[in-house]
Amino acid sequence: MAYILIVDDDNDYAEAISTLLTNKGYDVAIENDIQSGLSSIREQIPDLLLLDVMFPEDSSAGFSMARRIREEPGRIKELPILMLTAVNTMFPLGFATDDIDEDWLPVQAFVEKSIDLDVLCQKVQDCLLGANE
Amino acid sequence: MSSPDTSHSYRLVPAKKSTATPTPQLDDLPPLPRWLLHRNSNWYCALRWYTVAFFATLGLVMFNERAATLFKHIGILNRPWYFLVLALVLTVGNIAFMHDIRRLDKEENDTRFSRNLFVQILFDFVVLSFFVHFNQNISLHFLYLIHIVLACIFFSRAQSLLVTLAALFSYSLIEVALVRNLLPLEAYSLTTQLTIAESFVYLLSIFFIWGMIWALVSYLSALLRLESQKLTEANAKLTESHRARTAFLLHTTHELKAPFAAIGVNTQLLLKGHCGKLPEGAIHTIKRIDDRARRLTTEIVDMLQLANLQEQTLQKHTARNFDLNTLLAGCLEQHKALASEKDLTLRLELKDTPYTGVKENLEVMFSNIIVNAIIYSKSAGSVRIRCFPTVNGRAEVYIQDHGIGIEEHKIPSIFDEYYRTDAAAKHNKASTGLGLSIVRRVALQHNITIEVRSTFGEGTTFIFYLPPWSTENENGNR
């Protein structure tokens, strides 16, 4: 069964998503900060990373982590990433999801946290399928 | 024995209240920025080419006897070779200055650009002195004033005073050289026609006029630069304030929305049975929690959006070129699911419509109207959207529903903040009353006219008349 890592400082949200994905049959782990997330990835590469954007020390730490992963050696750089944000992409982040490209934001999908859970599960499935292809 | 204290300490010291910002003095102004000095140097060289063309043409024309006689009548002696030589000297000088400017381009030293300009002016004084003294028309003496005025614009007051004194010196030098027969007699000089006392009075009056002009122009120029400096400082503060506001907005949005996202995802978990089967009563209560959390989230986003748009009118906007057709299609895609839930038919007549505007804000505006059209439509109804270009960069967008409509006397109020008609409030309890205020704010930003046609109980049409994007919008004058 696929192993999914959630990196998010909001533990309430992370635990809820973990419950959802565990019920769907996935193996899920949670890390609450960027450094722990990177260490965890290096120890065991997940099949999918669910990554938050804003962290307490840096409001764009999630973006930096995604770019850093793409510079890692071996299989790590191929890790599919689904980014989550509590902040609306259009306001005030100021970009649409179709503005995302490989150079600027190397992620497979970018969704708001208020997304419907069924839609989120579908996005997770799509990211995992895309990775297998 | 107690262990040594290895803790780190940090002290937060209240900042001293600063006294009022000292007003910069006129003589204390920073030099012109590098790009402006560079531009001035190049412009001065370009001006000199016109002077070269003038002298060369004058010299060539003077070979014609009739033309030479005409020039003699206005006090310009028939010396074609003098003018050709002056043109040649100016050409050589100009080439040297332009070569120097190209070299200075690669260096970071701003003072060398000032020096280049200074040398150009002094060089011109020498050439001008010869030109003025080899002609009988004494009004040509005032050509020096052009350089004095330029120096007042290019340099500080002290430096422009030096240039004025240099003008006085070069003019006086030629006069003395003529009086002492160091220059050929056929060269004209007014002072050689006067007594020493008369010459002294004459020169003094010229110097007085030049001095007055220096004082006036240098003062006005310094005032202008002072205002320019104040504007630059104000702009820098505004930019910093905008940056700080954007960062604050981002954090505020996150801190307000994140808890509701966590509440929402947990209520969804409960409602979708991921935590086991719940009694009906519990489901009903959790639905109310979920509903309220969603409404609060929407209200927070709307309030922040409105505040952001109100602030944006003071800032420069980032307008882009895009197709309105694609923008509207994108807005529709976001609300397709909602339309399907109500079994609505979407009738689209979207033509390619190139437009320039603040794309993100227009998306919010049309999205709000489209979602209203869907929400206030009756089930199994239809929503029609038309978009087409008209003339001269203008466009029109129609968004029509067959929903609950608006009573005629209430239409003017629908764009007011927090206003909702009773019918709208009953139909959609989740409405914040801010959606159309946001629409109005974006329309104001783009100078868009909105026409509202509605019949209560039958439906509403919003018509947007979009003018071409103008520079007034870019400067945030709306």
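Below, each value reflects all heavy atoms present in this structure, side chains not excepted, and no hydrogens, waters or symmetry copies. Throughout, protein chains are lettered first and strands after them, A, B, ... in sequence-line order, and every chain is numbered starting at 1.
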- request: Before accepting this row, confirm whether a basic side-chain N of the pair A:E112/B:K257 lies closer than 4.0 Å to the acidic partner's carboxylate O.
  value: yes

- request: Below 4.5 Å from any heavy atom of chain B, which atoms of A:I115 appear? Answer side chain, backbone, both or neither.
  value: backbone

- line: The interface call for A:D12 against chain B, heavy-atom contacts under 4.5 Å, is both

message: If you count heavy-atom pairs within less than 4.5 Å of chain A, which of B:H254, B:K272, B:Q268 leads?
response: B:Q268

task: Spell out, as yes or no, whether a donor-acceptor pair under 3.5 Å connects the side chain of B:T326 to the backbone of B:F322.
output: no

message: I'd like to know whether CD of B:E240 has more than 12 heavy-atom contacts from other residues, nucleotides or ligands below 6.0 angstrom.
response: yes

Note, A:Y3 side chain near A:L48 side chain (heavy atom, < 4.5 Å): no

